[in-house]
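Source: prediction; values computed, not measured.
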Amino acid sequence: MEEKERLKKQLDFILEVDRVKNIFRQTYLADGNRKENDAEHSWHLALMAVLLKEYSNEEVDLSKVIPMVLAHDLVEIDAGDTYAYDEKGAATKDARERKAAERIYGLLPEDQGQWLKALWEEFEAYETPEAKFAHVLDNCQPLFLNDASNGRSWEEHQVKKSQIYKRNRKTGEGSEVIWEYMKELIDKHIALGHVIDDEKDGR
């Protein structure tokens with residue numbers, strides 16, 4: 001591939017993924033002013049990866065984690081954002097996102113497209129230390145924003161404790177320290193009435 005053709009493919013991809021700035025999530029910004037978009041979410045995760053690396057259960061390679069979190073939601077350009085507690089949407093999420101991955105990462109020169117797609121697949125597989133840590137960040141960031149915005153999206157969606165725990169059933173595998181802190185925040189918002197405690201019987 002000629003250098004000029006390679007550069008054009010890279011720039012086509014860069015302009016295509018600009019659309020991720022228009023994919024809005026259900027989580028509010030810390031000030032509660034508006035909902036965040038996927039680009040803001042991914043930037044936040046990349047910065048968190050750098051700052052919170054010391055809390056990973058295992059040693060992780062940031063040269064993998066950072067591009068992993070920056071690229072993991074690009075599939076939502078085609079597939080759309082599936083809210084964490086949307087069971088109907090979750091049923092088709094994998095198929096929609098795999099189709100999107102083929103097209104979006106396929107815009108790049110083959111070597112880079114395969115590299116990013118492999119990182120996305122590694123993230124989805126949830127098996128390596130880097131993937132586990134990336135999932136910790138992906139799961140704790142909206143929880144921290146919910147805490148800062150006074151549980152706003154939790155209240156809007158009438159989120160239950162069991163739903164949060166189900167979503168985070170593997171979070172401790174990536175960082176026990178961060179998961180313990182998250183549990184304290186969940187308890188805080190149960191007490192404030194922002195999260196429904198459906199496990200009062202001690203399950």
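A heavy-atom distance below 4.5 Å is not found between the side chains of K4 and L7. Considering only heavy atoms from C-beta on, R103 comes within 4.5 Å of I77 through its side chain. The side-chain heavy atoms of L119 and W115, taken from C-beta on, include a pair separated by under 4.5 Å. Looking at I196 and V159, their side chains never come closer than 4.5 Å, going by heavy atoms from C-beta outward. In this structure, V195 and I164 have side chains that are in contact, with non-hydrogen atoms separated by less than 4.5 Å.
Rounded to the nearest 0.5 Å, atoms NZ (K161) and CG (D198) are 8.5 Å apart. Within the model, atoms NZ of K8 and CG of D12 stand 3.5 Å from one another, a figure rounded to the nearest 0.5 Å. Atoms NZ and OH, from K35 and Y28 in turn, are 4.5 Å apart once rounded to the nearest 0.5 Å. Note that CG of N146 and SG of C140 are 12.0 Å apart. Values are rounded to the nearest 0.5 Å. Once rounded to the nearest 0.5 Å, the distance linking CG of L108 with CD1 of I14 reads 8.0 Å. Put simply, CH2 on W154 and CG on L192 are 10.0 Å apart, with the number rounded to the nearest 0.5 Å.
Across all non-hydrogen atoms, the minimal contact from N33 to D31 is N-OD1, 2.8 Å. For the residue pair R19 and E16, the shortest heavy atom distance occurs at NH1-OE2, 2.6 Å. Here the shortest heavy-atom pairing between I104 and L74 reads CD1-O, 3.2 Å.
A donor-acceptor contact closer than 3.5 angstrom links the side chains of D147 and H189. Side-chain contact check for N57 and S175: no donor-acceptor pair (N or O, by modelled atom type) lies under 3.5 Å.
Environment of CD in E156: crowded, with over 12 heavy atoms of neighbouring residues, nucleotides or ligands closer than 6.0 Å. The environment of E5 atom CD is dense: over 12 non-hydrogen atoms of other residues, nucleotides or ligands sit within 6.0 angstrom.
Of the possible polar contacts, one joining the R152 side chain to the G32 backbone as a donor-acceptor pair under 3.5 Å is found.
No salt bridge links D78 with K99; every basic N to acidic carboxylate O contact stays at or beyond 4.0 Å.
Listed by chain and residue number, N139, N168 satisfy the side chain to side chain donor-acceptor pair (under 3.5 Å) test with T171 (two or more places apart in sequence, or in another chain). Applying the side chain to side chain donor-acceptor pair (under 3.5 Å) test to E58 and every residue at least two apart in sequence or in another chain returns nothing. Residues satisfying the side chain to side chain contact (heavy atoms under 4.5 Å, CB included) test with R6, not counting sequence neighbours, are M1, Q10, P109, D111, Q112. Partners of E121 by side chain to side chain contact (heavy atoms under 4.5 Å, CB included), not counting sequence neighbours, listed by chain and number: R98, K117. Residues forming a side chain to side chain donor-acceptor pair (under 3.5 Å) with Q158 (at least two apart in sequence, or on another chain): none. With sequence neighbours excluded, the residues that form a side chain to side chain contact (heavy atoms under 4.5 Å, CB included) with A30 are L145, A148. With sequence neighbours excluded, the residues that form a side chain to side chain contact (heavy atoms under 4.5 Å, CB included) with E40 are L29, R34, E36, N37.
The stretch residues 169-179 participates, sequence neighbours left out, in these salt bridge (charged side-chain N to carboxylate O under 4.0 Å, His left out) pairs: K132-E173. Sequence neighbours left out, the pairs with a member in residues 122-143 that pass ring-ring contact (aromatic ring centres under 6.0 Å, His included) are H72-F123, F123-H135, Y126-H135.
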Q: Before giving the answer on side-chain contact (heavy atoms from CB on, under 4.5 Å), spell out for D73 and R25 the whole-Å C-alpha distance, their side-chain angles and the decisive distance to 0.1 Å.
A: CA-CA 11 Å; D73 274 344; R25 297 165 51 80; 3.9 Å; yes

Give every donor-acceptor pair under 3.5 Å between a side-chain atom in residues 42-55 and any protein atom, sequence neighbours left out.
{"residue": "S42", "atom": "OG", "partner": "D38", "partner atom": "O", "Å": "3.0"}
{"residue": "H44", "atom": "ND1", "partner": "Q141", "partner atom": "NE2", "Å": "3.2"}
{"residue": "K53", "atom": "NZ", "partner": "E59", "partner atom": "OE2", "Å": "2.7"}

Distance-only check: which donor-acceptor pairs under 3.5 Å involve side-chain atoms of residues 177-186, not counting sequence neighbours?
{"residue": "E180", "atom": "OE2", "partner": "K183", "partner atom": "NZ", "Å": "2.9"}

Which pairs of donor and acceptor atoms, one on a side chain in residues 60-69, lie under 3.5 Å apart (sequence neighbours left out)?
{"residue": "D61", "atom": "OD1", "partner": "S63", "partner atom": "N", "Å": "2.9"}
{"residue": "D61", "atom": "OD1", "partner": "S63", "partner atom": "OG", "Å": "2.7"}
{"residue": "D61", "atom": "OD2", "partner": "S63", "partner atom": "OG", "Å": "3.0"}
{"residue": "K64", "atom": "NZ", "partner": "E122", "partner atom": "OE1", "Å": "3.1"}
{"residue": "K64", "atom": "NZ", "partner": "E122", "partner atom": "OE2", "Å": "2.8"}

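For the pair K9 and F13, the cation does not sit on the ring face, since its NZ or CZ is not both under 6.0 Å from the ring centre and inside 45° of the axis.
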